[in-house]
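Have a look at the structure below before the remarks.
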Amino acid sequence: MSTEPNPSEQTEAVVSDFIREIVAADVASGKNGSAVVTRFPPEPNGYLHIGHAKSICLNFGIASEHSEGRCHLRFDDTNPTREEIEYVHSIQEDVRWMGFDWGVNQFYASDYFEKLFQFGLELIRSGRAYVCDQSAEDFKRDRGTPTVPGTPSPWRNRTVDENLDLFQRMRAGEFPDGARTLRAKIDMGSPNIHLRDPGLYRIRHAHHHRTGDQWCIYPIYDYAHCLSDALEKITHSICTLEFEVHRPLYDWILQQLPVPAHPQQIEFARLNLSYTVLSKRKLLQLVQEGLVSGWDDPRMPTLAGLRRRGYTASGIRAFCKRIGVTKYNGLTDIALLEYSLREDLNKKALRTLAVLRPLKVEILNYPEGQVEQLEAINNPENPEAGKRLLPFSRTLYIEQDDFMEVPAKKFFRLIPGGEVRLRYAYILKCEAVIKDADGAVIELKCSVDLDSKSGGPTAGRKIKGTIHWVSAAHALETEIRLYDRLFTVESPDGDSEGRDFKTFLNPRSLETIPNAKLEPSIVQASPDQSYQFERLGYFQMDAKDSKPGRPVFNRTVTLKDSWVKTG
RNA sequence: UGUCCGAUGGUGUAAUGGUAGCACAAGGCCCUUUGGAGGCCUUUGUCAUGGUUCGAAUCCAUGUCGGACAGCCA
């Protein structure tokens, strides 16, 4: 008996990484009572993208691999000036779509504002924090630089009582924005800038999407995040590499306060994808400047965009598994994402015949008015997907690209006098080429080998090429959108000459085909079903712009094409 | 002349002192009523120099290169 796992078991096999090893060791040693509690902590200031998917798969994945594990969804909503409720909803939808469930564990950093304020008072009482009256400019000047130590604020040695009074009056709204901050008293000479008396609270008279006008002071990330983690008794607080230098501050704050837990912060490398930008700031810019149609534009690397384009959650999950988790800051080839997607779509997509750029074909020896219903396979990779009928008649459309009057080398599709097989139908022979006044080919007069239909006496004849087709009288006209990468260079945001990332936008990232011809069965299409238009690629019905009887299809990704044009 | 982190084929990763392996990409072949899928094969790698060791991608030292950090953003 073979003990080798079957392929499907292999794809489900859990792959480990350095973070999972840490978690497993902690569980084994009984640390945290062997509990595993992670969290995914987005700021609701933009849509989630493929980079977040990596973090979602990591945090929810680790939690699901431990029997009592759980992962919290926590909105890091400490900056009311950029956060919106629309983003909260989109984040919830996207995490669910990715296939994860946070159950009752949905939280907001703003849930903890009162506790955080009390902790602030506590820090003041113990002499670990003070109210500083410096302006932002002075604060910046005195902070020093990575190589030059900072100098202490003149307000550093206020009395506890004065600090307590001032902090409470900050909360009460007595001071304008920016007039004062609460600062931790740590070490202005520290080689780590984040330990040079970092700000903990700032004054912002702004309306918060959850707490309304209840607060006019808001905690800063470094202060709110570690305490939120601790209050939720997170065991492993997983974040990206840029927070590595913040870790001493994370630990310092928790050490000063009577918190119920001290989570371990672990950093990993964020995803960088070739030909893509993955920064919320830049994505927001594309949206705001109208360079894309919105956060869910199918060219966007957002989960909403990818979903609309036709990417599947399982394909994205497979990609995340494939790229692994390390501390190496690299650039992942987008081909890896596309491979993961094709692999998934190949198993799921319903095959369809569609002609993007129609060329009319009249079959001279096929009876006028006759219609045959030919059997076609919905998915050769999955017999359970069944079969369908395809109408065939005297007048067809084939792809313009599938005919060449003067064939290139190794072109084995239709040529004058040559034969090609029509998928699921007959062997077709080109008898004559009709051109317009400008010499452009506008129609082909053909004949068909009437014995060559699938199962017929000459069906087995050796014919080099097989092309797709659609019966003209039965075709459904639709709009098809062909997408290409949004940027023309590998690293659009890493330009050494300081050029803006928008310089590299691909002007041909979208091509619209207004009148493609599709086989009639496609009227039943749904935006939840993946399709493969044979020989062309994977397509998804657009959930937004499709109308009854006139669907719009987005090209998700092309088929891998091993035919390279010569000459 | 700061602190922290990192470096394995073109790309992403594995090997946890004991045969450098996998996937993608690239190339070749077979098969095919999708130039898809599938099958087989090939090319290419431990940043450098020392040290420890019977044995080093792994441990140590030094160097080189790369990244993060100077928001009252997260």
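Every heavy atom of this structure was used, including side-chain atoms; hydrogens, water molecules and symmetry mates were not. None of these values were measured; they are calculated from a predicted model. Lettering follows sequence order; numbering is per chain, from 1.
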Not counting sequence neighbours, list each pair that qualifies as a ring-ring contact (aromatic ring centres under 6.0 Å, His included) and has a residue in residues 450-471 of chain A. A:Phe392-A:Trp469
Can you sort out the partners of A:Ala224 under side-chain contact (heavy atoms from CB on, under 4.5 Å), two or more places apart, ordered by chain and number? A:Thr78, A:Leu116, A:Pro219
Can a cation-pi geometry be assigned to A:Arg247 and A:Trp252, taking NZ or CZ under 6.0 Å from the six-membered ring centre and within 45° of the ring axis? no
Contacting residues from residues 148-155 of chain A, given that a heavy atom lies under 4.0 angstrom of RNA chain B: none
Show the distances under 3.5 angstrom between N or O atoms of the protein and N or O atoms of nucleotides 56-60 of chain B.
none

Excluding sequence neighbours, so at least two apart, what forms side chain to side chain donor-acceptor pair (under 3.5 Å) with A:Glu86? A:Tyr47
Selection residues 177-194 of chain A - residue pairs positive for salt bridge (Lys or Arg N to Asp or Glu O under 4.0 Å), sequence neighbours left out: A:Asp133-A:Arg180
One should report the stems of RNA chain B, each a stretch of at least three consecutive Watson-Crick or G-U pairs at distances under 3.5 Å, as B:2-7 with B:64-69, B:10-13 with B:21-24, B:26-30 with B:38-42, B:47-51 with B:59-63
Which atom pairs link the protein and nucleotides 35-39 of chain B when you take only N or O atoms and keep those under 3.5 Å?
from, atom 1, to, atom 2, distance (Å)
B:G35, OP1, A:Thr466, O, 3.3
B:G35, OP1, A:Arg535, NE, 3.2
B:G35, OP1, A:Arg535, NH1, 2.7
B:G35, O3', A:Ser562, OG, 3.2
B:G35, O2', A:Asp561, OD1, 3.0
B:G35, N7, A:Arg413, NH1, 3.1
B:G35, O6, A:Phe412, N, 3.3
B:G35, N1, A:Lys410, O, 3.0
B:G35, N1, A:Trp563, NE1, 3.0
B:G36, OP1, A:Ser562, OG, 2.6
B:G36, N2, A:Arg351, NH1, 3.4
B:G36, N2, A:Glu381, OE2, 2.9
B:A37, O2', A:Asn346, ND2, 3.2
B:A37, O2', A:Glu381, OE1, 3.2
B:A37, O2', A:Glu381, OE2, 3.1

What orientation do A:Phe167 and A:Phe117 show, parallel under 30°, tilted 30 to 60°, or perpendicular over 60°? parallel
Would you give a per-nucleotide map of nucleotides 65-74 of chain B, 5' to 3', where B means the base has a protein non-hydrogen atom under 4.0 Å away, S means only the sugar-phosphate does, and - means neither? --SSSBSBSB
Holding to side chain to side chain donor-acceptor pair (under 3.5 Å), I want the full list of residues that pass it with A:Asn329, two or more places apart in sequence or in another chain. A:Asn272
Whichever of A:Ser454 and A:Ile323 has its nearest RNA chain B nucleotide further upstream toward 5': A:Ile323
Return each pair, listed once, that meets salt bridge (Lys or Arg N to Asp or Glu O under 4.0 Å) where at least one residue sits in residues 223-232 of chain A; pairs must be two or more places apart or across chains. A:Arg39-A:Asp229, A:Arg74-A:Asp229, A:Arg74-A:Glu232
Contacts of A:Thr466 that satisfy side chain to side chain donor-acceptor pair (under 3.5 Å) - sequence neighbours left out: none
Do A:Thr332 and B:U11 share a donor-acceptor pair, side chain to base, under 3.5 Å? no
